[in-house]
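This structure is a prediction, so every number in the text was calculated from the model and none was measured. In what follows, residues are counted from 1 in the order of the sequence shown.
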Amino acid sequence: MNLSNNAKLLKELLLRLNTESLEEVQKDFVKAFKDLSYNDVLYAEEELYLEGSVNLERLCDIHSALFHNGDNNYLANDIKMTNDNPLNILIKENNEMEKIIDYYLNNKADYKMLKSIFKEIEVHYKKKSNLIYPILKSKYNFNGPHEVMWKNDDIIINKMNSLIKNDFNDEELLVETLNKIKEMIYKENNILYPNAFDLLGDDDLKLIEEDLHQFKEIFNVRYNKVKANDVSFKNEIINFKYGKLSLKEINGILNAIPIEISYVNNKNINKYYNEGEKLFKRPALSLENDVFSCHPKAKENIVLNIIDDLKNKRKSDVSIFMKKDQEDFLIKYKGVWDKDEFLGTVELIYPLNEIKKYLNKN
């Protein structure tokens with residue numbers, strides 16, 4: 001990897017943080033840089049990540065401390081994004097979000113009104129974790145957002161949920177959380193989206209634009225609902241052990257089953273989702289990418305262990321019960337086999353509320 005002089009200097013500064021205070025390094029940073037390209041940041045970070053030279057979990061906070069200094073903006077000046085770019089939608093959401101956060105930081109207001117705001121912020125974070133982090137990691141080997149930002153998103157979501165649960169009675173936690181959200185806005189607009197803009201191709205952006213329709217519009221930021229291409233079929237008939245069906249019929253049946261179906265092949269690549277409302281978002285962007293990139297770092301080993309147990313026949317299936325938005329679900333994982341050949345893993349999500357109502361009634 002050929003680093004520019006700026007990137008080499010940035011790397012030296014970041015490495016100094018292992019032994020020196022942030023304040024001392026920041027002073028030298030301000031002296032050394034009059035401008036800084038986000039490409040330099042990307043390359044320096046990725047080399048540090050690959051070398052294991054600096055604790056990756058510190059990089060996001062280091063960014064804010066080093067780059068967010070007074071009126072200087074080292075990262076965002078060299079990016080020009082058109083209005084119809086889906087990344088610009090996320091930036092607009094951040095800009096509206098920041099206005100609200102600043103209002104509550106600067107005014108004694110009814111904090112309970114923040115409940116609906118926090119729910120919209122969580123939707124914004126879900127857009128990032130479904131549409132941006134996985135493809136940057138799996139397709140472009142840009143690991144920082146997936147490893148660091150996603151974890152910080154979850155920390156902020158947990159803080160917001162704790163405040164909602166306790167009726168916003170902890171003012172110290174509230175101020176801390178609002179400032180964390182504000183810092184994340186800065187990191188996204190000046191680090192995440194410029195890097196994504198530089199890396200993602202037109203086809204990637206088109207898929208992101210199509211997948212946005214799965215998420216609600218927030219903070220009054222509107223966007224066009226782009227329709228994905230219709231499914232096309234050849235006039236082929238599949239002969240099964242019991243009967244035969246056309247490809248069109250198979251697709252219709254899979255979509256009519258009131259269960260969410262996801263299939264991962266034996267190379268751990270996302271290959272198929274049936275259509276319809278989903279408990280977990282299934283963006284088309286994640287297809288043909290590894291299943292682990294679709295999960296936060298903390299859950300990767302859980303997914304790996306489930307697949308390994310099924311592949312090695314230690315278990316015939318794995319069942320997980322969960323509740324989300326007052327709805328109960330059963331998530332079942334099963335190995336898919338052709339005699340002794342392991343083909344992959346299917347995930348089936350069953351809604352349980354109707355069954356519970358029937359059982360309680362009878």
Inset, instruction - Using the test side-chain hydrogen bond (donor to acceptor under 3.5 Å, both in side chains), find all partners of Y125 that sit at least two apart in sequence or belong to another chain. - result: none
Legend entry - Contacts of I355 that satisfy side-chain contact (heavy atoms from CB on, under 4.5 Å) - sequence neighbours left out: L352, L359
Inset, instruction - Report the residues that fulfil side-chain contact (heavy atoms from CB on, under 4.5 Å) with E172, sequence neighbours left out, ordered by chain and then residue number. - result: D170
Just distance, no hydrogens or angles: give the donor-acceptor pairs under 3.5 Å from side chains in residues 214-222, sequence neighbours left out.
| from | atom 1 | to | atom 2 | distance (Å) |
| --- | --- | --- | --- | --- |
| Q214 | OE1 | R282 | N | 3.4 |
| Q214 | NE2 | R282 | O | 3.4 |
| E217 | OE1 | R222 | NH1 | 3.0 |
| E217 | OE2 | Y223 | N | 3.1 |
| N220 | OD1 | R222 | NH2 | 3.4 |

Inset, instruction - Go through the structure and list residues passing side-chain hydrogen bond (donor to acceptor under 3.5 Å, both in side chains) with E122, not counting sequence neighbours. - result: none
Inset, instruction - Tell me, please, which residues at least two apart from F342 pass ring-ring contact (aromatic ring centres under 6.0 Å, His included). - result: W337
Inset, instruction - Using a 4.5 Å cut-off on heavy atoms from C-beta on, say whether the side chain of T345 contacts that of K311. - result: no
Legend entry - Salt-bridge contact K127-E93 (side-chain N to carboxylate O under 4.0 Å): yes
Legend entry - With sequence neighbours excluded, residues passing ring-ring contact (aromatic ring centres under 6.0 Å, His included) with F118: F168
Inset, instruction - Return the set of residues passing side-chain hydrogen bond (donor to acceptor under 3.5 Å, both in side chains) with E176 (not counting sequence neighbours), or none when no residue passes. - result: K159
Inset, instruction - Rounded to the nearest 0.5 Å, what's the gap from CD on E209 to CG on D204? Could you check? - result: 12.5 Å
Inset, instruction - Give every residue pair that meets the salt bridge (charged side-chain N to carboxylate O under 4.0 Å, His left out) criterion with at least one member in residues 255-267, sequence neighbours excluded. - result: none
Legend entry - Reported CG-to-CD distance for the pair N95 and E98, which is rounded to 0.5 angstrom: 7.0 Å
Legend entry - With sequence neighbours excluded, residues passing side-chain hydrogen bond (donor to acceptor under 3.5 Å, both in side chains) with N255: E275
Legend entry - Cationic N near anionic O, under 4.0 Å, K357 to E354: no
Inset, instruction - State, yes or no, whether a side-chain contact exists between M160 and I156 at a heavy-atom distance under 4.5 Å. - result: yes
Legend entry - Counterpart residues, side-chain contact (heavy atoms from CB on, under 4.5 Å), relative to K323 (two or more places apart): D328
Inset, instruction - For the residue pair I238 and K244, establish whether any side-chain heavy-atom pair is separated by less than 4.5 Å. - result: no
Legend entry - Which residues share a side-chain contact (heavy atoms from CB on, under 4.5 Å) with M322, sequence neighbours left out: L279, F280, K324, F329, I331
